[in-house]
There are 2 protein chains.
Amino acid sequence: MAGTSLRCTDCGLQNICFPPAFDDSALSRISEVIGQPPLLSKGQALYQIGQPHHAIYAIRSGSIKTSIIQLDGSELITGFYQPGEVVGLENLGHTDCTSRAEALEKTTLCVLPTNQLTTLSRQLPELQQHIFNLMSTEIRADHQRLHLLGARSVEARLASFLYGWIQRLEHRKLAGSSFRLPMARADLANHLGVAVETVSRSFSRLEQLGILQVSGKAVHIHDSAQLLVMANAQCA
Amino acid sequence: MAGTSLRCTDCGLQNICFPPAFDDSALSRISEVIGQPPLLSKGQALYQIGQPHHAIYAIRSGSIKTSIIQLDGSELITGFYQPGEVVGLENLGHTDCTSRAEALEKTTLCVLPTNQLTTLSRQLPELQQHIFNLMSTEIRADHQRLHLLGARSVEARLASFLYGWIQRLEHRKLAGSSFRLPMARADLANHLGVAVETVSRSFSRLEQLGILQVSGKAVHIHDSAQLLVMANAQCA
DNA sequence: CGTAGCATTGATTCTCTTCAAGAGGTGTGG
DNA sequence: CCACACCTCTTGAAGAGAATCAATGCTACG
C-alpha cells in the first residue's frame with residue numbers, strides 16, 4: 001500500500017480534510033509531506049502520553065478515541081473521531097504528547113509530520129488558515145462537549161452526543177439515520193461522565209420514547225427532531 | 001492611555017504572552033500590530049455571538065469569562081481568563097464568533113488583529129509556533145475542564161477548579177495562597193455544571209475540612225496538598 | 001442608610017450510583 | 001459446527017448525593 005493513493009487529489013475525503021479553497025498545486029504540495037499511513041488494529045495506540053510529538057493524523061477509515069489520565073490514574077475520554085477528522089491537534093506547538101490516542105477498530109490514517117506542515121503553512125496562507133481553522137474548530141467542539149457534560153440529565157447528554165455524532169457523520173456524507181457506534185458502552189459512559197448502567201438505561205428510555213432503536217452498537221434514529229429537543233432540554 | 005506602554009518589551013507580562021524565545025526585534029514587530037487597548041467595565045462584552053471575528057486579545061488586567069449559547073437559549077460558561085492569558089482563540093480561522101466574551105470586572109486588554117497576526121506569523125516562525133502553542137494549550141485546558149465536569153462529586157469539581165485556578169495564578173506570579181475569585185457563584189456553578197446552592201455547600205464543606213477559608217469572593221487556601229487530593233478523588 | 005441582588009442554609013424530592021444478577025453476543029477450542 | 005467460557009450489555013432494587021423549593025443573612029451600591 002506504500003505510496004499508493006496517498007495523494008489528497010485522489011482521496012475521497014479531499015473536501016473534508018482540505019476544503020475547496022485548496023487548488024491542485026497546493027494539494028500536491030501537501031500530499032508530498034504525507035507519510036506512510038499506519039494501519040492500526042483495535043486497541044492499538046496511535047500516540048501515548050509522554051511520547052514526543054511528531055505529527056498530526058487524518059483518519060481515512062475506522063475511528064479513534066483520545067484520552068487523558070489524571071494524577072490519580074483515572075482516565076477521561078476526551079473525544080471520538082471519525083474518518084475525515086484530524087487527530088492530535090492538542091499537541092501542535094508542544095514537544096510532548098499529554099494525551100493518548102487509540103484505535104476503536106481497524107483504522108487507517110494519513111500522517112502529517114508537524115515540522116513539514118508548519119514550514120509549508122508559512123508558504124501556503126490557505127494551509128495556515130486551515131490549520132487555525134482545524135484547531136479552533138477543535139476548541140469549539142470541546143466547548144460543545146463541555147455543554148454536554150454540563151447538561152443536567154443523562155438523557156440530555158446522550159441525546160446531545162448522538163445528535164452531534166450524526167451531524168458529523170452527515171457532514172462527511174458517511175451515514176443517514178442508521179449507523180454503528182464504534183465505541184463500547186464503557187467508553188461512552190466515561191466520555192459522558194456517568195455510569196455504564198445509566199447509559200444503558202438512557203438508551204432504553206430513548207427507545208421507549210420512540211426516538212431511536214438500539215441493538216448493541218447499531219443505532220437507528222426514528223425521530224431526529226425529537227432527539228434534538230431532548231439534547232437541548234433541561235440544560236443549566 | 002492611547003499608544004503608551006503598549007510595547008511588549010515594556011510590559012510586565014512580556015514573558016507570559018510571548019515567552020523568552022522571542023528576541024527584542026520580534027517583540028517590536030509584534031508590538032507594532034497591537035491595537036488600541038479597550039477598557040471594559042464589568043459586564044461589558046468583548047465580542048458577541050454572531051459578530052465578525054477580527055482579533056484575539058491578551059488580558060493586561062482584570063478578568064474575562066467566555067460562554068456559548070445553546071439552541072434552547074441556555075448559556076454555558078466555557079472558561080474564565082486571567083491577566084497574561086489570551087482570549088478568542090476559538091475564533092481564529094473562522095469569520096464569525098460563535099461565543100461571547102465578557103468582562104467580570106474592570107478589564108484592560110491588548111488587541112491582536114487576526115490579519116496582521118497571521119501575516120506576521122508567516123515571517124516569524126517562533127510566532128507561528130507560539131500561536132500553535134497557545135491554541136493547543138487551550139485545547140488541553142478544555143480537556144482538563146472536561147475531566148473536571150466528569151468528576152463524580154461536586155466537591156472534587158470545585159477543588160479541581162480551584163487548584164487549576166491557583167496554578168495559573170502562580171504561573172503568572174499573581175498570587176500565593178490568598179486570592180479573590182472574580183466570578184459570581186452563579187457563574188462558577190454554571191461552569192461546574194451544578195446548582196448555585198451546591199457550590200455554596202461545597203465551599204462550606206471544604207471550609208469545615210480545614211482545606212480553605214472563604215468569605216464571599218475572597219479565598220484563602222490552608223492546605224494546598226489536601227486540595228489536590230480532593231481534586232483527584234472520586235473520579236470516573 | 002436603605003434597598004436590591006447575591007450568597008448561605010434548611011427540608012424535601014428525584015435522579016443517578018452502586019451492588020447484584022441475568023441476558024445476549026462473540027470467539028475459541030474441541 | 002457446536003459447546004463452552006468470557007465479556008459486554010441490560011435490568012432490578014436500595015441507597016447516596018444533588019436539584020429544587022423556600023427562607024434568611026449578607027454585601028454592595030446608590
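Sequence lines set the chain letters: A, B, ... in the order given, protein chains first and strands last, and positions in each chain run from 1.
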Which of the following nucleotides, [options], is nearest to the side chain of [X]?
| X | options | result |
| --- | --- | --- |
| S200(B) | dT8(C), dC9(D), dC21(D) | dT8(C) |
| R185(A) | dC19(C), dC9(D), dA7(C) | dC9(D) |
| S153(B) | dA18(D), dT18(C), dC16(C) | dA18(D) |

Quickly work out the [X] [atom1] to [N] [atom2] distance and round it to whole Å.
| X | N | atom1 | atom2 | answer |
| --- | --- | --- | --- | --- |
| L181(B) | dC6(C) | CG | P | 16 Å |
| E197(B) | dC6(C) | CD | P | 14 Å |
| L206(A) | dC9(D) | CG | P | 17 Å |
| R201(A) | dA14(D) | CZ | P | 13 Å |
| L192(B) | dA18(D) | CG | C1' | 14 Å |
| E207(A) | dC9(D) | CD | P | 15 Å |
| E155(A) | dT15(C) | CD | P | 9 Å |
| R157(A) | dC16(C) | CZ | P | 8 Å |

Describe, as an angle rounded to 10 degrees, how the axis at the first end of the helix from dC1(C)-dG30(D) to dG30(C)-dC1(D) is tilted relative to the axis at the last end, five pairs per end. 50°
With a 4.5 Å heavy-atom cut-off, do T137(A) and H94(B) have their side chains touching? yes
Answer yes if the ring centres of H191(A) and F161(A) are under 6.0 angstrom apart, and no otherwise. yes
Let me know, please, whether V196(B) or K42(B) comes out on the 5' side of the other along DNA chain D by nearest nucleotide. V196(B)
Just to confirm, is there a sub-4.0 Å distance from OP1 or OP2 of dA7(C) to any side-chain nitrogen or oxygen of K217(B)? yes
Is there a side-chain polar atom (N or O) of T198(A) under 4.0 Å from OP1 or OP2 of dT17(C)? yes
Give V199(B) one of three labels, base, sugar-phosphate or nothing, depending on what nucleic acid heavy atoms sit under 4.0 Å from its own. nothing
Taking atom types as they are modelled, would you say the side chain of R205(B) forms a donor-acceptor pair with the base of dT9(C) within the 3.5 Å cutoff? no
Of all the heavy-atom pairs spanning E105(B) and T107(B), show the shortest one and how long it is. O-OG1, 2.8 Å
Polar contact flag, side-chain donor to acceptor under 3.5 angstrom, S200(A)-E197(A): no
